[in-house]
Amino acid sequence: MLRAYKSQRPTGRGEKRSAAWGKRLSTVLLLTAGMAFGQRAVEPVASGIHSRIAPELSGLLAKAANGSGSETVRVIVQYKQVPTAAHYATMQGRGGLLHSKLNIVKGASFTIPVSALPALEADPEIVSVTIDHPMKVLDDMTNGATGVASAWNSGYSGAGVGVAVVDSGINDSSKDLWNSAGTASRVVYRQDFTGTSNTNILGAKYDLYGHGTHVAGIIGGNGYHSGGQYEGVAPGVNLIDLRALDSNGAGTDSTVIAAIQAAVSLKSTYNIRVLNLSLGRGIFVGYAQDPLCQAVESAWKSGIVVVVAAGNYGRLSVNGSNGYGTITAPGNDPYVLTVGATKSNGSTAASAETLASFSSKGPTTFDHIVKPDLVAPGNDVVSLAAPGATLEALYPQELVTGSDGNNDYFTLSGTSMATPAVVGAVALMLQEQSSLTPDQVKSRLMHSASKMGLTSTSAWVPHLSQTFTSFYDLFAVGSGLMNVQAVISDSALAPSNVGAALSPAAVYNSQNGTVSLVYGNSSVAPSSVVWGTSVVWGTSVVWGASEVSGTSVVWGAAVPWNSNLLSAFSVVWGSSAGTATSATSVVWGASVSSADAAFSDAGDDEQ
C-alpha cells in the first residue's frame, strides 16, 4: 500500500527552529507497503511460472494450476497495446471486474478470480500481471541550507510553472496557497481518484489526511500567515491537486497511476512541468515490469520532471545491512529524480546538514540502480496544516501557530518532505530556462549538488534508545545536497545526443570484489561519462571523488556490507550477488507489521 508513516514527537524537546519554507518535520511520511528488500529477480522457468505473471503471484498461479484457489486478487494487467473493448470483454468473460483504465501503461486494474491466472499467463496479448499494491505516504532550515534566497533575489518564484501533486489532496483554505494579491487560490485544478468524500466531520476539506497540504506548502507556500517565515521554495507556482490517497494516507498502485495519467493529459492545459510523488511502496519486481515505474517513465518521456521520495527505511538493518537496499518504488526507476533526506542540526548552513538516519539507501532491489540521486532537508519541517485532517487530529502537539494566532502550520519529517523541496527548485529552474528537458534538469541538479565531504556521522534517537551510524557513499547521499544557488547559476547542458539521464546500475565483480557503475552494457570509468556516449561530466564531478575511486570501486572499506563474507552482503545483493534467488522478502516476510511499527515512526528527534 502507498501511504504515510506518522511519528509522535516525544515531550520535553527543544523548541522548533524556523526555516524559510518550513521548520523541521516531525512525522515521517512515506507511501510504502510491506516491502521486499534484498532480493534478486526470479528468472522465468519452464515449470509453468513464466514472464507474464509476476513472481509475487506465483503461489496463487500454482494454486490455480492445481485446481484450487477460489479467492480473488486485485491486479494490474499490462497489454502489448492500449486495451480495447475486446480486451475488457475477454477479461469479463474470465470473471474479471474492471476498476480503472490505465492507458498510460497500456493496462487496467481488475479484480480477478485466482482461477483465471493460467489463462492470463497464456494470453499472448498480455505483457505482465502484477498485484495492484496498496500504497502510503513517505514523510526547516531548508531554504537557508539549500541557497533558495539567491534564486528569489534573481526574480524567480516558479511563476507560470504548473506542479502536479499526487498525494492526499490540497486544502487551499490558507492564503499561503493564494496569489500575491490574496484574491485567488493557486490550486488551479483538482481531481479525486479515491472515490471518497471531499470533507469530513472535523471540517477537513479536500485533504482529509493532511499530508498533501504539507507537501504543497513546501513546494509553493508564500508564508502569508507567518510573515514569510514558512515560505515555500517556489511561492509563485500553480498547483494541480491530484488526490490518490485517502483519509488514512493510503492508496493503491492504480489510484496513483490514474493520477499520473491525468497529469500527463493535463500537461499542456496547465503547463505541468513537474510531478511530486512523496509516496512509495515495496519493490516486488524489476522496474521494467512494474506498472507504477512504467507510469512515471511515461510522464518523464512526456516532458514532466518526476521527483520521488527515496523512502524512510534507512534505519532498517537486517544482518548488519545498515539500511542499504531499502529504496522504495517508484523511486527505484532509473529515469526519475529520487530524493533522500538530511537534517539541519539547528543551523541554516549547508555545511551543517547531515544525513537523516531514516533516509532509505540504495542500491535498489532487483535492478541495483544507484539511488538516491541527491538529498535535501527533510527532518522536522514546518509547512501548512490541513485543519481537521487525520494527522492534525492525531498529533495536535505538532501544530505551529502562525502570525494570526491560529494553528496554520504543522511539523513533519521524512523523505516526503525533502522531495517537494527539490520539486520547488525544479520549478525555479524551469522559470529561468523553460526549454530544459527532464533529463537536463536531473543532470544539472546532480552536477551542481554540494558534495558533503563526510565519511560517517552518528545520531542518537531517544524514542528508539539507539544510535544510528550513516555512511556518506553514493548509495546514501547520491550526488550530494541540493544547492539551489549553484543550480540557478549553472549553465552546463548535456548535449542533445546524449539521451536519457538514467541513474546507472551498480554491478558486482566477484573476481576482484569490486562494484562498478554501469550505463547500458559498458562500465563507466572515472574519466568517462555518467550518461550517454559523449563526455558531459566525469563521474568524480557528478558523484564526488571520494565516492568513485580510480578503479571504479563504489564504496570504501568502512561500508558495512562491503564484503561478501558478511551476512549483510546477501541482504543487499542477493545470496550470490548476481544470480536469481527466491522472491520471498528477506526483510519483511511475515513480520511486516512489526517492521512498520519499529521503523515508521522515526525521523524527527535525532540528537
Side-chain angles (χ1 to χ4, degrees), residues 20-22 140 142-143 146 148-167 169-191 206-207 211-226 228 230-243 259 262-263 266-278 299 303-308 337 339 376 381 383-384 416-436 438 441 445 482 484 487-488:
W21 48 262
D140 75 345
T142 300
N143 288 347
T146 57
V148 172
S150 62
W152 293 346
N153 292 338
S154 298
Y156 303 119
S157 66
V161 177
V163 176
V165 179
V166 177
D167 212 290
I170 300 174
N171 184 331
D172 60 350
S173 60
S174 169
K175 287 195 174 181
D176 281 48
L177 295 180
W178 287 33
N179 60 20
S180 57
T183 58
S185 171
R186 284 181 288 115
V187 178
V188 296
Y189 179 88
R190 64 173 83 247
Q191 186 173 350
Y206 300 127
D207 181 7
H211 187 261
T213 302
H214 197 280
V215 165
I218 296 171
I219 296 169
N222 62 21
Y224 180 91
H225 288 295
S226 64
Y230 304 129
E231 191 168 11
V233 175
V237 297
N238 291 326
L239 297 162
I240 293 81
D241 176 12
L242 303 173
R243 185 162 67 126
L266 296 167
K267 176 178 179 288
S268 298
T269 304
Y270 296 104
N271 192 32
I272 298 174
R273 302 295 307 278
V274 201
L275 175 62
N276 189 104
L277 291 172
S278 290
I304 298 175
V305 181
V306 183
V307 188
V308 186
L337 189 60
V339 184
V381 178
S383 183
L384 286 174
S416 276
M417 282 58 252
T419 300
V422 175
V423 166
V426 172
L428 299 177
M429 294 172 65
L430 291 171
Q431 183 187 8
E432 178 194 31
Q433 191 172 352
S434 62
S435 61
L436 291 175
V441 167
L445 274 166
M482 179 180 71
V484 179
V487 80
I488 291 296

Under the side chain to side chain donor-acceptor pair (under 3.5 Å) rule, collect the residues that match up with [X], sequence neighbours excluded.
X: Asn222; result: none
X: Tyr189; result: Gln191
X: Asn276; result: Ser278
X: Asn271; result: none

With sequence neighbours excluded, residues passing side chain to side chain contact (heavy atoms under 4.5 Å, CB included) with [X]:
X: Ala234; value: Val237, Ala427, Leu428
X: Pro438; value: Trp300, Val305
X: Ser435; value: Gln433
X: Ala263; value: Ala164, Leu242, Leu275

message: Rounded to the nearest 0.5 Å, what separates atom CD1 in Ile304 from atom NZ in Lys267?
response: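 Going from CD1 on Ile304 over to NZ on Lys267, the span is 6.5 Å.
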field: Reported CG-to-OH distance for the pair Leu239 and Tyr270, which is rounded to 0.5 angstrom
entry: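 That separation rounds to 13.0 Å.
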- prompt: Of Ile240, Ile219, Leu277, Asp241, which is the lone residue that meets side-chain contact (heavy atoms from CB on, under 4.5 Å) with Val165?
  reply: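 With Val165 as partner, side-chain contact (heavy atoms from CB on, under 4.5 Å) holds for just one option, Ile219.
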query: Which residue, Asn238, Asp172, Asn179, forms the side-chain contact (heavy atoms from CB on, under 4.5 Å) with Ser185?
result: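 Going through Asn238, Asp172, Asn179 one by one, the side-chain contact (heavy atoms from CB on, under 4.5 Å) with Ser185 is satisfied by Asp172 alone.
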Donor-acceptor pair, distance only, cut-off 3.5 Å: does the side chain of [X] make one with the backbone of [Y]?
X: Arg273; Y: Ser434; value: yes
X: Arg190; Y: Ile170; value: yes
X: Thr213; Y: Leu384; value: no
X: Gln431; Y: Ser157; value: yes

message: Test of understanding: with salt bridge (charged side-chain N to carboxylate O under 4.0 Å, His left out), list the residues that count as partners of Arg186, not counting sequence neighbours.
response: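 Residues passing salt bridge (charged side-chain N to carboxylate O under 4.0 Å, His left out) with Arg186: none at all.
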Qualifying residues under salt bridge (charged side-chain N to carboxylate O under 4.0 Å, His left out), relative to Asp176, sequence neighbours excluded: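 Residues passing salt bridge (charged side-chain N to carboxylate O under 4.0 Å, His left out) with Asp176: none at all.
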Kindly give the heavy-atom pair with the smallest separation between [X] and [Y], and that separation in Å.
X: Ala151; Y: Ile488; answer: CB-CG1, 3.8 Å
X: His225; Y: Lys175; answer: NE2-N, 3.6 Å
X: Arg243; Y: Tyr206; answer: CD-O, 3.2 Å
X: Val306; Y: Ala299; answer: CG2-CB, 3.9 Å
X: Ser226; Y: Tyr230; answer: OG-N, 2.9 Å
X: Ala421; Y: Ala376; answer: CB-CB, 4.4 Å

task: Mind running side chain to side chain contact (heavy atoms under 4.5 Å, CB included) on Val339 and Met482 for me, showing each step along the way?
output: CA-CA 9 Å; Val339 184; Met482 179 180 71; over 6 Å; no
message: Can you tell me if Tyr224 has over 12 outside heavy atoms packed within less than 6.0 Å of its OH?
response: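 Counting neighbours around OH of Tyr224, 12 or fewer heavy atoms of other residues, nucleotides or ligands fall under 6.0 Å, so no.
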